[in-house]
Amino acid sequence: MEATFVSEQQTFYITTPIYYPSGKFHIGTAYTTVATDAIARYKRLKGFDVRFLTGMDEHGQKIQEKAQETGMHPQDYVNEIAEGAKKLWATMDISYNDFIQTTQKRHIDAVEKIFQKFLDNGDIYKGEYEGLYCVPCESYYTETQLVDGKCPDCGREVRKVKEESYFFNMKKYADRLLEYYENNLEFIEPESRKNEMINNFIKPGLEDLSVSRTSFDWGIKVPGDAKHVIYVWVDALSNYITALGYGSDNEELFNKYWPADVHVVGKDIVRFHTIYWPIFLMALDLPLPKKIFAHGFIMMKDGKMSKSKGNVVYPEMLIERYGLDATRYFLLRELPFGQDGVFSPESFVDRTNFDLANDLGNLLNRTVSMMNKYFDGVIPTDNLETTEFDTALKAHAENVRVKYEESMEKMQFSVVLSELWSLVSRTNKYIDETAPWVLAKEEADKPKLAAVMNNLAESLRHIAVMIQPFMTNAPKQIFEQLGFDEKLLAWDTIETFGNIIPQNIKVAEKGTPIFPRLDVEVEVEYIREQMKGSVKSVEEETPTVEAPQTEEITIDDFMKVDLRVATVLACEPVAKAKKLLKLQVDLGYEQRQVVSGIAEHYKPEELIGKKVVVVANLKPVTLRGELSQGMILAGSHDGVLTLATVDPKLANGAQVK
């Protein structure tokens, strides 16, 4: 593929967390990696010199115990998991540049130097630690932090541990870290994660961090004190710079790409990446990463994925049955990045049928078919006469590209794809508006018909260019059926609409469905069976509100309700639910998905851009398989429902009192 690059490319360094090799990777791990891959691919399309790092965190007590359970040496155990991970990432077409394993010599040598520098600077001292320790999370907790006597993060049993340890003086850097937060407002996203770190960990007072263990030996030894193993978070977090050659004889990559532009992490490891890692970098006198983006979890209708519940989904199964593009598309379209999202067999099949087969696939098939029927398979480029609908289509394509770029920079993947699919829908509507089958009846209308065919091909070209970060096969398949050269997939070719298609381009003789329609009942049952358990489809309807019996409340009761101003970013119907709309709203400090029973009163396109009032502290619920994180306020009179709105000047996130 050819693309236009600037003379000196701007660099872009993005990372996934390094994954813990505790077992086979499921769609939660795939979700993180696909999201990171989408940004990496987008930045390459925009002409950036991208460095994309992923890998595995291979030391620690948990790994040693896992390996012992299987009768394997820890190194053999992690190598086997690593090979499985690389195979999965190849299957998912992940475009990473480097895969680091923390058992590699390049990493071990650099971590030893990092630890020694901490010692030399007086950031580390030796003492004794006694506390409650969670092996899976590699973390200590106080009694008050436990939930029902168990780990607050994973819910497992904790152990009482007492051992000699080296400690890192975290208090020394606490004020400097807070100042960095204040001066770099986009450092942690969504913003709610930052507030959590400040209120729960920094303001109460940072405790010095135990950075070594003596209770096991699978890890990097402390320089000069071999009975101590370097704590997994010092070891693991350092991968982001050791993979670039920091601390080696060749720091060329480090000098070129550091600081990282984005660390993509799950919300469960925010504390380590936004408190420990910045402090370690401050101690090393190194620049901090520009952004930590913490996404939510993929949930099931019955809670978290769990083998005991029989609700674990593995990406290989989805890819083998439905294809890579459908799998990648679902993960980034259905689940609002930064928030928790719900996976269900029904939602996966519906997305594939409605968005991919009905909308995009059908648009391509109709276009190729009409091109063959009316112009002998050649895309017309001459003697074009504009129709009254052309300007609106072109304007929509331009508007989508601009909004796409804005949302992509914010990693709002669901919003990006919603915008892009509005162009798919608008192009399908353009066919209905122009009615090519009617134009074909009159020779005098042939120039208009030619313009319609040209615009359809051009619209599909724009769509193919913009889906490249998300799908790796469909763009090429669209181009093959339209007869385009891959050079027209370059990003700068969609800065304008039209006047770019070469002459005498011949489309395929017959359109081939790139997304075959699925039998809903058969495929839902298949996915459930593959999940090895019964996942009941809980169809939750919007609750019916009875005529209220007025009950007086106190001001204290009212103050418990957190009403916030928000802007609707995207909106679409909920499948198989006539009353429900699914809205993506911007609360200023974060984005959320809200499901509202207003479909009979508003069309989705009428809501985009509206300022609404959201009940922000309502407990999340699942409605027809869709996660709803709040409620949109509305009033009803004589059967007509109207949204409660506010002055457009009010900023998103402003509290309504």
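One is the number of the first residue; the rest follow in order along the sequence.
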How long is the straight-line distance from [atom2] of [Y] back to [atom1] of [X], given to the nearest 0.5 Å?
| X | Y | atom1 | atom2 | answer |
| --- | --- | --- | --- | --- |
| Thr242 | Leu237 | OG1 | CG | 10.5 Å |
| Leu439 | Leu449 | CG | CG | 5.5 Å |
| Leu384 | Thr386 | CG | OG1 | 8.0 Å |
| Lys446 | Glu385 | NZ | CD | 13.5 Å |
| Lys476 | Gln468 | NZ | CD | 9.0 Å |
| Asn239 | Leu53 | CG | CG | 5.5 Å |

Please report the closest heavy-atom contact between [X] and [Y], naming both atoms and the distance.
| X | Y | answer |
| --- | --- | --- |
| Pro287 | Leu281 | O-CD1, 3.9 Å |
| Pro259 | Leu288 | CB-O, 3.3 Å |
| Val568 | Leu607 | CB-O, 3.2 Å |
| Thr427 | Ser459 | OG1-OG, 2.6 Å |
| Arg106 | Ala243 | NH1-O, 3.7 Å |
| Gln104 | Phe99 | NE2-O, 3.9 Å |

Would you say [Y] and [X] are linked by a side-chain donor-acceptor pair, where the criterion is simply a distance under 3.5 Å?
| X | Y | value |
| --- | --- | --- |
| Arg461 | Thr493 | yes |
| Ser344 | Ser347 | yes |
| Ser238 | His107 | no |
| Thr387 | Asp390 | yes |

Q | Set of ring-ring contact (aromatic ring centres under 6.0 Å, His included) partners for Tyr31, sequence neighbours left out | A |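 Tyr31 satisfies ring-ring contact (aromatic ring centres under 6.0 Å, His included) with His295, Phe337 only.
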Q.
Test of understanding: with ring-ring contact (aromatic ring centres under 6.0 Å, His included), list the residues that count as partners of Phe12, not counting sequence neighbours.
A.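 Per chain and number, Phe12 pairs via ring-ring contact (aromatic ring centres under 6.0 Å, His included) with no residue.
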Q. Do NZ/NE/NH1/NH2 and the carboxylate oxygens of Arg401 and Glu495 come within less than 4.0 Å?
A.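 Glu495 and Arg401: not salt-bridged.
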Q | Salt bridge flag under 4.0 Å for residues Lys403 and Glu406 | A |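 Salt bridge between Lys403 and Glu406, a charged N being under 4.0 Å from a carboxylate O: no.
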Q: Please test Glu316 against Arg321 for salt bridge (charged side-chain N to carboxylate O under 4.0 Å, His left out), starting from the C-alpha separation and ending with a verdict.
A: CA-CA 9 Å; Glu316 294 94 334; Arg321 182 90 169 181; over 6 Å; no
For a 4.5 angstrom cut-off between non-hydrogen side-chain atoms, does [X] reach [Y]?
| X | Y | answer |
| --- | --- | --- |
| Lys256 | Glu252 | no |
| Thr16 | Tyr96 | no |
| Thr15 | Phe52 | no |
| Pro475 | Leu489 | yes |
| Asn455 | Leu393 | yes |
| Ile39 | Pro469 | no |
| Asn499 | Glu458 | no |
| Val507 | Phe484 | no |

Q: Assess the pair Tyr430 and Phe389: is the distance between their ring centroids shorter than 6.0 Å?
A: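 Tyr430 vs Phe389: aromatic centres not under 6.0 Å.
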Q) Are His273 and Tyr240 close enough that their ring centres sit under 6.0 Å apart? A)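 When the ring centroids of His273 and Tyr240 are compared, they turn out to be within the sub-6.0 Å range.
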For residues 581-588, dump all side-chain donor-acceptor pairs below 3.5 Å to protein atoms at least two apart in sequence or in another chain.
from   : atom 1 : to     : atom 2 : distance (Å)
Lys582 : NZ     : Glu626 : OE1    : 3.3
Lys582 : NZ     : Glu626 : OE2    : 3.2
Gln584 : NE2    : Gln593 : OE1    : 3.0
Asp586 : OD1    : Gly588 : N      : 2.8
Asp586 : OD2    : Asn652 : ND2    : 3.4

Q) With sequence neighbours left out, which residue pairs that include part of residues 32-42 fulfil the salt bridge (charged side-chain N to carboxylate O under 4.0 Å, His left out) condition? A)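 Matches after skipping sequence neighbours: Asp37-Arg41, Asp37-Arg328, Arg41-Asp93.
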Q: Scan residues 350-368 for pairs that pass salt bridge (charged side-chain N to carboxylate O under 4.0 Å, His left out), counting only residues two or more places apart or in two chains.
A: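 Of all non-adjacent pairs touching residues 350-368, those that pass salt bridge (charged side-chain N to carboxylate O under 4.0 Å, His left out) are Glu334-Arg351, Arg351-Asp355, Arg351-Glu572, Arg366-Asp432.
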Considering only distance and modelled atom types, tabulate donor-acceptor pairs under 3.5 Å from the side chains of residues 374-383, sequence neighbours left out.
from   : atom 1 : to     : atom 2 : distance (Å)
Asp382 : OD1    : Gln503 : NE2    : 3.4
Asp382 : OD2    : Gln503 : NE2    : 3.3

Is there a donor-acceptor pair under 3.5 Å between the side chain of [X] and the backbone N or O of [Y]?
| X | Y | value |
| --- | --- | --- |
| Thr567 | Lys611 | no |
| Asp340 | Phe297 | yes |
| Asn353 | Leu518 | yes |

Q.
Go through it in stages, so that I can follow the logic: the residues are Tyr404 and Trp491, the test is ring pair (Phe, Tyr, Trp, His ring centres under 6.0 Å), and I'd like the CA-CA distance, side-chain angles, deciding distance and then a yes or no.
A. CA-CA 12 Å; Tyr404 177 113; Trp491 190 267; 5.4 Å; yes
Q | Option from Tyr322, Phe470, Trp421 for which ring-ring contact (aromatic ring centres under 6.0 Å, His included) with Tyr329 holds | A |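 Result for ring-ring contact (aromatic ring centres under 6.0 Å, His included) with Tyr329: Trp421.
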Q) Could Lys291 and Phe187 be counted as a cation-pi pair, given that NZ or CZ must be under 6.0 Å from the ring centre and within 45° of the axis? A)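 Lys291 over Phe187 ring: no.
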Q. Checking ring pair (Phe, Tyr, Trp, His ring centres under 6.0 Å) for the pair Phe343/Phe330: CA distance, chi angles, key distance, verdict?
A. CA-CA 9 Å; Phe343 175 93; Phe330 175 83; 5.4 Å; yes
Q. Angle class for the Trp258/Trp277 ring planes (parallel below 30°, perpendicular above 60°, tilted otherwise)?
A.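 Rings of Trp258 and Trp277: perpendicular, over 60°.
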